[in-house]
Amino acid sequence: VNYILKRPNCAGVFGGIELINERSTKKRLKKSKSYSFLDILMHDSELPAPTQLLRINIVREVGGYLNNLIIEDWYMWLKITQEGFTLDYIGTVCAKYRYHNNNTSKKYDLILEERLKIIDIFADEKNLSYAKGYAYLVAANDWVSVNKAKSLYFYKKYLFCNERKSILELFFKIKSFKYLFKFLVV
């Protein structure tokens with residue numbers, strides 16, 4: 001709470017999580033960082049939803065949550081940051097999260113469908129294909145340890161959905177290399 005009170009441009013704060021499953025616990029921490037609209041739209045952010053603390057007055061100012069979305073948090077983060085506020089991650093564990101096969105986040109096709117629906121709401125023409133491309137790359141990463149063929153299908157969609165960049169340019173992005181490494185190792 002003190003962190004957010006000291007930063008008027010920060011509309012929300014997030015922290016690390018301790019992942020819990022049947023076999024173990026694992027802390028997931030990153031370095032502290034502030035995220036903008038573009039960071040969040042391009043899936044270049046670390047914002048664990050169970051840890052979020054948002055300024056309620058700003059949530060109300062931007063119109064509140066939409067009830068017809070599965071990933072309404074991501075929509076809200078984009079609404080807030082579109083107004084120029086930041087969402088900040090602090091490198092402290094703020095929640096424990098039980099990770100299991102029935103988590104909504106494990107319903108990869110549904111999550112991708114929702115991401116694309118939300119991107120259509122926010123992305124201007126200039127960023128639309130980039131944002132969709134990164135949504136496909138996230139889906140490829142989601143599927144890589146479950147179904148490699150489906151994972152590769154989404155990776156190809158990432159490479160071919162952006163008409164403004166060459167396939168080689170997209171292939172040589174760090175996010176692309178991380179995916180390919182994961183694909184080969186898993």
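These numbers were taken from a predicted model, which means no experiment stands behind them.
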Inset, instruction - Count the heavy atoms belonging to other residues, nucleotides or ligands that lie under 6.0 Å from NZ of K156, then report whether that count exceeds 12. - result: no
Legend entry - Spacing of CZ belonging to R98 relative to CD1 belonging to I17, to within rounding of 0.5 Å: 14.0 Å
Inset, instruction - Could you pull out the closest heavy-atom pair between A140 and S151, with the gap in Å? - result: O-OG, 2.7 Å
Legend entry - Salt-bridge criterion met for K33 and D39 (N-O under 4.0 Å): no
Inset, instruction - Run the numbers on T81 and T86 for side-chain contact (heavy atoms from CB on, under 4.5 Å), then give the verdict. - result: CA-CA 6 Å; T81 55; T86 64; 5.8 Å; no
Inset, instruction - Scan side-chain atoms only and decide if W77 and Q52 contain a donor-acceptor pair under the 3.5 Å cut-off. - result: yes
Inset, instruction - Evaluate the side-chain proximity of I119 to W74: yes if any heavy-atom separation is below 4.5 Å, no if none is. - result: yes
Inset, instruction - Using the rule that two of Ile, Leu, Val, Met, Phe, Trp, Tyr join whenever any of their side-chain heavy atoms come within less than 4.5 Å, decide whether Y153 and F160 are in one cluster. - result: yes
Legend entry - Distance, nearest 0.5 Å, that separates CD1 of I80 from CG of L54: 4.5 Å
Legend entry - Y89-S45 side chain donor-acceptor pair, cut-off 3.5 Å: no
Inset, instruction - Mind checking the NZ-CD spacing from K96 to E18? Nearest 0.5 Å is all I need. - result: 5.0 Å
Inset, instruction - Mind checking the NZ-CZ spacing from K79 to F37? Nearest 0.5 Å is all I need. - result: 10.0 Å
Inset, instruction - In sequence, state the C-alpha distance, the side-chain angles, and the governing distance for Y97 and T51, and then conclude on side-chain hydrogen bond (donor to acceptor under 3.5 Å, both in side chains). - result: CA-CA 9 Å; Y97 182 71; T51 69; over 6 Å; no
Legend entry - Spatial distance of atom CG (L19) from atom NZ (K27) [nearest 0.5 Å]: 12.0 Å
Inset, instruction - Kindly indicate, with the supporting measurements, whether the criterion salt bridge (charged side-chain N to carboxylate O under 4.0 Å, His left out) is fulfilled by K150 and D109. - result: CA-CA 10 Å; K150 198 162 192 174; D109 287 330; 2.6 Å; yes
Legend entry - Interatomic distance, R7 atom CZ to R55 atom CZ [nearest 0.5 angstrom]: 10.5 Å
Legend entry - I90 and F14, any side-chain heavy atoms less than 4.5 Å apart: no
Legend entry - Hphob cluster co-occupancy, V62 + I56, side-chain heavy atoms under 4.5 angstrom: yes
Inset, instruction - Give a yes or no on whether I40 and V138 share a hydrophobic cluster (residues Ile, Leu, Val, Met, Phe, Trp, Tyr; joining criterion: side-chain heavy atoms under 4.5 Å apart). - result: no
Inset, instruction - Assess whether side-chain contact (heavy atoms from CB on, under 4.5 Å) is satisfied between D73 and Y65, documenting all intermediate values. - result: CA-CA 8 Å; D73 292 330; Y65 287 89; 3.8 Å; yes
Inset, instruction - Only one of K107, K106, R115 passes salt bridge (Lys or Arg N to Asp or Glu O under 4.0 Å) with D142; say which it is. - result: R115
Legend entry - Whether over 12 other heavy atoms sit under 6.0 Å from K117 NZ: yes
Legend entry - Exercise: identify the closest heavy-atom pair between S32 and G91: OG-N, 3.2 Å
Inset, instruction - Write down the atom of A95, the atom of P50, and the distance for their closest heavy-atom approach. - result: CB-O, 4.1 Å
Inset, instruction - Might you work through the side-chain contact (heavy atoms from CB on, under 4.5 Å) test for V144 and L152, ending with a clear yes or no? - result: CA-CA 8 Å; V144 75; L152 199 52; over 6 Å; no
Inset, instruction - State, yes or no, whether a side-chain contact exists between I4 and C10 at a heavy-atom distance under 4.5 Å. - result: yes
Legend entry - Within the 6.0 Å centroid threshold, strictly below: F122 and Y75: yes
Legend entry - Ring centres under 6.0 angstrom apart (W143, Y155): no
Legend entry - Y3 side chain to D88 side chain, donor-acceptor N/O pair below 3.5 angstrom: yes
Legend entry - Sub-4.5 Å side-chain heavy-atom contact between L137 and H43: no
Inset, instruction - Heavy atoms only: give me the nearest L87-A11 pair and the separation to one decimal. - result: CD2-C, 4.1 Å
Legend entry - Closest approach of G15 to C94 (non-hydrogen atoms, all atoms of both residues): CA-SG, 3.7 Å
Legend entry - Linked, directly or transitively: L112 and L66 (ILVMFWY side chains, under 4.5 Å): yes
Legend entry - side-chain contact (heavy atoms from CB on, under 4.5 Å) between Y35 and L47, intermediate numbers included: CA-CA 9 Å; Y35 295 105; L47 299 170; 3.7 Å; yes
Legend entry - Cation-pi check, K148 onto F183 ring (under 6.0 Å, within 45° of axis): yes
Inset, instruction - Answer yes if L116 and M76 sit in the same cluster of Ile, Leu, Val, Met, Phe, Trp and Tyr residues linked by side chain heavy atoms under 4.5 Å apart, and no otherwise. - result: yes
